[in-house]
Amino acid sequence: MKTRQKWRIGVVFFFFLIFPVIINYLSPVLILAGASEGIVNGSFILFILLFLSSLFFGRAWCGWICPASGMQDACGVFRHKKAKTGWGNILRLVIWIAWLGFIVYLFIKAGGIRSVDALYQSEGVISILNPVIVFVYLGVVFLVFIMMLIWGNRAFCKYLCWMAPFMIVGNRIRYWLMIPGLYLKPVKENCIECGKCTKQCPMGIDVQAMVQAENCYHSECIMCLGCVDTCPQSAITTK
């Protein structure tokens, strides 16, 4: 395993370990609670930052920082099957649109945005100080694990994640506008069609087909750069 991938796995696993501490800042529920009072909370701010970061780095958050990513990478040792995309994209999009619509409705009902409180209901910054959060944390971990067992690794990312759509939209915009940033670059003439890149991809993307098509855009790519580090012929690089 290349040094970069060792670092990546170490970083995402670290964020998984501290997930109980930061869970409030990733909460879709607290956004709704804050919106009902006209308050922009910490998770609201974070999700906006994720969208902005995706304009330059794609879904690198998912591959390098996300706590759920760390958990699934760790459990992937026992569950090699990768979840298929298919209907998951539609389900995730429907949930996301309904959630965004409800946020807008709550803000309107509250009379608009009245204040910004990054620490809203965060119990002195550290989420886990609230005993209720312990049960929320265990529930999220259980959900991610069960989905992985039933549908395959990264099922939560593909079917239910409330953060991914922000970055998928931002990533698509950056490809349309060709905003300078981190991109995958295919080098078709170097490809020997060994399939190592596709086998390595944690999201189950047919990377080899993208190289052959000379187009490395894919909505599920999490910019883990595993394909880059795995390819023996540098048929896929970064730019």
Side-chain angles (χ1 to χ4, degrees), residues 1-27 42-43 45-47 49-54 56-83 122 125-128 133-134 136-149 152-158 160-164 166-168 170-171 181-185 196-205 207 216 218 220-232 234 236-239:
M1 182 184 293
K2 292 286 185 72
T3 300
R4 176 163 57 189
Q5 290 306 307
K6 291 180 180 178
W7 274 102
R8 184 188 71 81
I9 292 174
V11 170
V12 293
F13 189 66
F14 167 76
F15 278 100
F16 167 60
L17 291 178
I18 68 169
F19 186 30
V21 177
I22 62 175
I23 189 171
N24 272 3
Y25 307 104
L26 306 175
S27 172
S43 49
I45 295 171
L46 176 62
F47 293 171
L49 291 176
L50 289 180
F51 168 76
L52 294 176
S53 71
S54 68
F56 304 97
F57 303 106
R59 290 179 59 184
W61 159 276
C62 303
W64 290 83
I65 300 176
C66 180
S69 178
M71 175 184 173
Q72 291 172 101
D73 278 352
C75 294
V77 176
F78 310 101
R79 181 59 164 160
H80 298 291
K81 177 184 175 182
K82 298 170 184 176
S122 291
V125 182
I126 302 177
S127 304
I128 204 68
I133 299 300
V134 176
V136 174
Y137 162 72
L138 293 175
V140 172
V141 169
F142 179 76
L143 176 63
V144 173
F145 186 71
I146 289 299
M147 291 185 70
M148 180 185 65
L149 289 181
N153 208 355
R154 299 282 176 166
F156 177 79
C157 303
K158 293 184 176 183
L160 205 56
C161 180
W162 50 86
M163 294 182 286
F166 287 98
M167 291 170 282
I168 290 173
N171 195 30
L182 179 64
Y183 290 89
L184 295 180
K185 178 184 178 182
K196 289 183 179 180
C197 53
T198 296
K199 183 178 180 180
Q200 187 282 333
C201 180
M203 298 300 286
I205 299 171
V207 183
C216 281
H218 196 290
E220 295 299 336
C221 176
I222 59 174
M223 298 304 290
C224 67
L225 305 183
C227 55
V228 176
D229 293 332
T230 300
C231 180
S234 298
I236 185 166
T237 63
T238 57
K239 63 175 180 177

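The structure presented is a predicted model; accordingly, all values stated were derived computationally and were not measured. Note that the numbering runs from 1 along the sequence shown for the chain.
Distance alone, capped at 3.5 Å, places no donor-acceptor pair between the W61 side chain and the S54 backbone. For the pair Q200 (side chain) and K196 (backbone), a donor-acceptor distance under 3.5 Å is absent. In this structure, the side chain of K82 engages the main chain of K199 through a donor-acceptor pair within 3.5 Å. Panel note: side chain T230, backbone C197; no donor-acceptor pair is recorded below 3.5 Å.
Within a 6.0 Å sphere centred on CZ of F51, heavy atoms belonging to other residues, nucleotides or ligands number more than 12. F13 CZ: 12 or fewer foreign heavy atoms inside a 6.0 Å radius.
Residues G58 and N171 come closest through the heavy atom pair CA-OD1, 3.5 Å. Of all non-hydrogen atoms in P202 and R154, the two that sit nearest each other are O-CG, 3.3 Å. In terms of heavy-atom proximity, C161 sits nearest to A164 at SG-N, 3.4 Å. The minimum heavy-atom distance linking T238 with L184 is given by the pair CG2-CD2, 4.3 Å. Of all non-hydrogen atoms in V12 and S69, the two that sit nearest each other are CG1-OG, 4.2 Å. Closest non-hydrogen pair, F16 versus P67, comes out as CB-O, 3.4 Å.
Taking 4.5 Å as the limit, some side-chain heavy atom of R8 sits within range of a side-chain heavy atom of Q5.
Ring geometry for F47 versus F166: interplanar angle of 30 to 60°, hence tilted.
Qualifying side chain to side chain donor-acceptor pair (under 3.5 Å) partners for S53, counting only residues two or more places apart in sequence or in other chains: none.
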Assess whether side chain to side chain contact (heavy atoms under 4.5 Å, CB included) is satisfied between K2 and L225, documenting all intermediate values.
CA-CA 11 Å; K2 292 286 185 72; L225 305 183; over 6 Å; no
